[in-house]
Structure formats: structure tokens, C-alpha cells
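All residue numbers in this chain count up from 1 along the given sequence. In this text the structure is predicted, and so the values were computed from the model without any measurement. Whatever order the structure lists ligands and atoms in, that order sets their numbers, starting from 1.
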Amino acid sequence: MSPQIVSLDSLTASPSARRGGCASSSCGTSAPPADIDAATWEKIKDHPCYSEEAHHYFARMHVAVAPACNIQCNYCNRKYDCSNESRPGVVSERLTPEEAVRKVVAVAAAVPELSVLGIAGPGDALHDWKNTRATFEAVRKVIPDIRFCLSTNGLALPDHVDEIADMAIDHVTITINAVDPKIGARIYPWIFFDHKRRTGLEAATILLERQMLGLERLTARGILVKINSVMIPGINDHHLPEVNRAVRARGAFLHNVMPLISDPAHGTHFGLTGQRGPTPAELKALQDRLEGGAKLMRHCRQCRADAIGLLGEDRGQEFILDRLPETVAYDPAARDAYRAFVAAERGDRGAARDDALRCIDAVADDARLLVAVATKGGARVNEHFGHAREFQVYEAGPKGITLIGHRKVDAYCMGGFGEDATLGPTIAALDGIDTVLCAKVGDCPREALLAAGITVTDAHAYDYVETAVGKVYAERFGRAAAVA
Ligand code: CLF
Ligand code: SF4
């Protein structure tokens with residue numbers, strides 16, 4: 001049976017429909033949204049990529065045990081890293097399965113938020129299946145409650161679906177950039193398949209057919225499949241709605257459209273030939289166009305193949321293998337306690353969100369507002385403006401309050417002092433934003449942003465994000481009394 005398409009709109013429908021279960025702030029539960037069955041919710045509720053809500057609370061860890069790949073993408077230079085699931089940047093270290101287990105145990109002991117172990121390269125997790133399988137099997141013996149996730153280009157996928165299902169790997173990402181081989185041939189110069197290197201239309205035809213076959217086989221086994229698509233202006237941007245329809249028809253759970261990252265310094269074909277990536281506005285316009293099809297993931301951070309931590313952070317440098325003790329005792333108590341905390345926090349946040357959405361509902365017209373939030377997790381406004389390395393962007397409007405993306409910046413505050421040189425790029429990165437919410441902000445950046453037409457305020461510090469966005473929206477459109 002195919003899994004249902006998840007509705008992230010469950011967070012943006014009418015308040016009563018947005019949450020299943022109780023709406024009391026004291027209920028201490030995290031009941032599934034009304035349109036997600038209990039079994040599916042159990043699989044996604046602590047997966048930071050498959051549940052937008054979970055990404056506020058839970059962390060993923062990637063282990064770079066799969067360096068080899070069986071295809072070439074024009075946006076990838078593996079000396080530099082895998083663009084499939086990673087932003088360009090070398091993997092700090094490649095690991096053997098044994099080393100990976102040691103590292104996972106050390107991270108699980110130190111990071112109670114850890115819920116998912118992913119293998120996302122730096123090559124292809126299924127082409128390097130021996131390493132991928134050995135890693136998952138060994139980790140399962142030590143940490144039975146961690147979820148497994150893998151990412152693949154799909155070429156080898158049809159051959160591994162049974163083993164994936166047998167190993168209880170519940171989440172698989174396939175990168176599908178085209179369903180038309182003519183478009184695919186502009187993205188993939190070659191594949192290695194059935195002992196032969198193949199090029200051009202033949203290569204793209206085989207790859208695209210194998211991707212669809214793998215997707216169909218996975219969904220038939222009840223495995224949740226997310227599709228990643230790299231948006232490449234002039235090549236597949238107008239084609240991605242067709243990709244969205246095709247993957248939806250085959251039971252894909254989520255569709256994640258990511259911007260091409262293209263820089264000559266990365267040494268990729270696209271980088272060297274001047275192929276540009278989309279602007280944030282182009283990406284948003286495409287994502288808006290895709291609404292109503294396969295549900296969209298909008299909180300991807302294009303993370304490295306060795307990333308560790310919440311999606312908006314990378315703690316990889318804290319866990320370099322050489323610096324870890326040879327043996328680490330793993331005690332699940334801290335992770336258990338953290339999950340109990342999150343369950344209670346979600347109950348409170350759900351009630352606060354319902355209140356905030358009622359404020360939005362009270363404004364009858366079509367007014368929309370883009371709000372950027374500085375947060376370090378927990379779905380709260382809890383980061384100083386000067387410390388933020390990214391801002392989460394929320395759209396408030398008739399459809400509710402929706403996370404629509406993020407904007408990366410360099411931190412303004414370095415060693416206790418404001419770094420004026422970063423303000424210009426930060427203001428540029430916040431183009432189109434109406435209000436910035438943060439836990440604290442100094443006069444200098446506040447005035448500079450105001451001069452650029454952006455309001456920044458710490459008046460809602462430590463509120464839940466939706467509460468703060470709801471208040472700003474209601475205040476802006478004359479409904480302050482409704483949120484008192
Ligand atoms: Fe890793 Fe990918 Fe699993 Fe997540 S990442 S293998 S599904 S655990 Fe997540 Fe990172 Fe985006 Fe990938 S934010 S690049 S979607
Ligand atoms: Fe690079 Fe990943 Fe494409 Fe392989 S599948 S070429 S590792 S981006």
C-alpha cells in the first residue's frame with residue numbers, strides 16, 4: 001500500500017483542523033495532525049526532515065561511509081562533496097563502518113536531540129551498499145531506537161528495496177531532477193550501469209526509469225520516500241511541476257525542491273560553465289506553484305554528508321574521530337528524558353499555535369507578511385540578532401502561518417562586537433522581509449535595517465514562533481486587541 005501524502009498544510013489549516021487530539025496547553029501530548037494516521041505519525045514525529053515541526057526539536061547525524069558513486073551529476077564535484085544531500089564543502093573525514101559506529105555512539109551520548117542516522121554519501125549510499133548496510137546493522141545493535149534514513153540517486157535502488165525493508169529503514173530520499181530523459185541528459189553526462197559506462201540520452205533514460213521503479217517499489221513496501229529535486233534555471237525549472245505530479249502519482253511522501261548551488265570554486269561542470277542557481281524569489285515562486293501537488297518540504301538546509309545537529313546547525317567539528325574517546329558508554333536515559341520533554345512542549349506549543357492562528361483568522365482580508373525569525377531551536381524566538389547564522393522565514397496570511405524557507409547570513413556579532421561589514425550582506429539576504437524577530441538586538445543593526453525598510457524587534461523574545469508571528473501580524477493589520 002502506498003503511504004499517504006503528508007500534509008504540512010496541517011499546520012496552516014483552520015485552528016481546529018490543524019491539530020488532532022486535545023488543544024489544552026496542559027495535555028502534554030503530541031497527537032498526530034488530523035490528516036495523518038497514527039502509524040505514519042509515529043515514523044515522522046521525530047524525523048527533522050520529514051516533519052517540519054520535528055525539525056525544531058530533533059537532530060540528524062550523517063556518517064560519510066559511502067564515498068563512491070555510479071553516476072555523474074553536472075552539479076557535483078566529489079572532491080568537494082556531494083551536492084545531492086550536502087552543500088558544497090569537503091567532508092571532514094570519511095569513515096569505515098566501525099569508525100562510524102564509534103562516532104554515532106559518542107554523538108548519541110552527548111546530543112539528546114539525536115533521532116536519525118542518515119547516510120547521504122558523500123557518494124551514493126546504495127552504490128556503496130556494503131558499507132551502508134554494515135553501518136546500519138552495527139549501530140542498530142547498540143542504539144536500537146535510532147531511526148535510519150538514506151539518500152540515493154536511485155540507479156541502484158530497485159535492487160535493494162527488499163533489504164531496505166528488511167532492515168526497517170523507514171525513510172529513503174531519491175534525488176529526481178527530471179522525468180524527461182532529454183532534460184535529464186543535460187544534468188547527467190554519464191552513468192555506470194550493468195558493467196558499462198553509458199552517456200547521453202541512453203544514460204538519462206536508464207537512470208530515470210530506475211528512479212521511478214525504485215520509488216514504486218519502496219512505496220509499495222510502505223517506506224516513506226522523499227524526493228529531492230535540484231532547481232536549475234533554464235534546464236529543469238519549468239519541468240519540476242511535471243516531476244512533482246509523477247512522484248505524487250507513485251506515492252512519494254514529500255517533494256523537496258532545492259536551489260542549485262553553483263560556484264566556479266567548487267569545480268563542478270555547472271559552476272565552471274556559469275550555470276546560475278535560482279534566487280530565493282524564484283525558488284519560492286516555483287514552490288508556491290507546486291502547492292496542491294505532492295506536499296513540499298521547505299525547511300531543507302542542503303546539509304553536508306557529515307552534518308551533525310539540528311538542521312540549522314552543524315556540530316560536526318565537535319565530533320572529529322581523533323578527538324573522541326576509544327570507547328563511550330551509551331546510556332539512553334538522556335534521550336528518553338528529552339523525548340518526554342518534547343512531548344510536553346509540543347502540547348503547549350500546539351495550544352499557543354491555535355491561539356496565534358485565531359489572530360490570523362480574525363483578519364479577513366488577503367494581507368500577507370514575511371517574518372524572519374532568529375532561533376536556535378525549540379520553535380521559539382530565542383537567538384540574538386548578532387549571533388544568528390540563519391533566519392527562518394515565515395509567511396503569515398489567509399492560509400495561516402507557514403515556514404517557507406530560511407536565509408543564511410554571517411553572524412553580525414564577532415567576539416562581543418558588531419561587525420559592520422556583515423550588515424550589508426545580511427540586509428541583502430533579508431530582501432523582501434517585513435519584520436525580523438529575535439531575542440535581542442542592538443541599536444546599530446536595528447537602525448540600519450530600518451533604513452532598509454525592515455523592522456527588527458526583540459519585543460517577542462522567547463515566545464513560540466507562531467505566537468510572535470501572530471502578534472506581529474495582528475498588530476500590523478490592526479488587530480492588536482485580539483492577541484492581548
Ligand atoms: Fe539526512 Fe536526508 Fe535523511 Fe534528512 S538530510 S539523509 S532526509 S536525515 Fe534533510 Fe539535510 Fe535537506 Fe537532506 S535537511 S539535505 S532533506
Ligand atoms: Fe555527486 Fe551525489 Fe550526483 Fe553522485 S549522486 S554525482 S555523489 S551529487
Only heavy atoms of Thr173, strictly under 4.0 Å: list the atoms of ligand 1 that pass.
7 (S)

Is the ring pair Tyr394/His56 parallel, tilted or perpendicular, if the boundaries are 30 and 60 degrees?
parallel

Within ligand 1, which atoms have a heavy atom of Cys300 less than 4.0 Å away?
11 (Fe), 13 (S), 14 (S), 15 (S)

His299: heavy atom below 4.0 Å from ligand 1, yes or no?
no

Quick one: are Ile232 and Gln275 in side-chain contact, heavy atoms under 4.5 Å?
yes

Could you tell me which atoms of ligand 1, counted from 1 in the order shown, lie closer than 4.0 angstrom to a heavy atom of Val116?
8 (S)

Is ligand 2 under 4.0 Å from a heavy atom in the side chain of Cys69, in the backbone, in both, or in neither?
side chain

A student checking ligand 1 against Lys226 at a 4.0 Å heavy-atom cut-off should list atoms 7 (S), 15 (S)

Would you mind listing which atoms of ligand 2 come within a distance below 4.0 Å of any non-hydrogen atom of Asn153?
5 (S)

Quick one: side chain to side chain donor-acceptor pair (under 3.5 Å) partners of Arg276, sequence neighbours excluded?
Glu282

N, O or S of Cys73 under 2.8 Å from atom 1 (Fe) of ligand 2
no

In terms of atom number and element, which parts of ligand 1 are under 4.0 angstrom from non-hydrogen atoms of Cys303?
5 (S), 10 (Fe), 13 (S), 14 (S)

In terms of ring plane angle, is the pair Tyr338 and Phe58 parallel, tilted or perpendicular, where the classes change at 30° and 60°?
perpendicular

Flag Cys149 as yes if one of its N/O/S atoms falls below 2.8 Å of atom 3 (Fe) of ligand 1, otherwise no.
yes

What pairs of residues pass the side-chain hydrogen bond (donor to acceptor under 3.5 Å, both in side chains) test when at least one of them lies in residues 178-192, not counting sequence neighbours?
Asn177-Tyr188

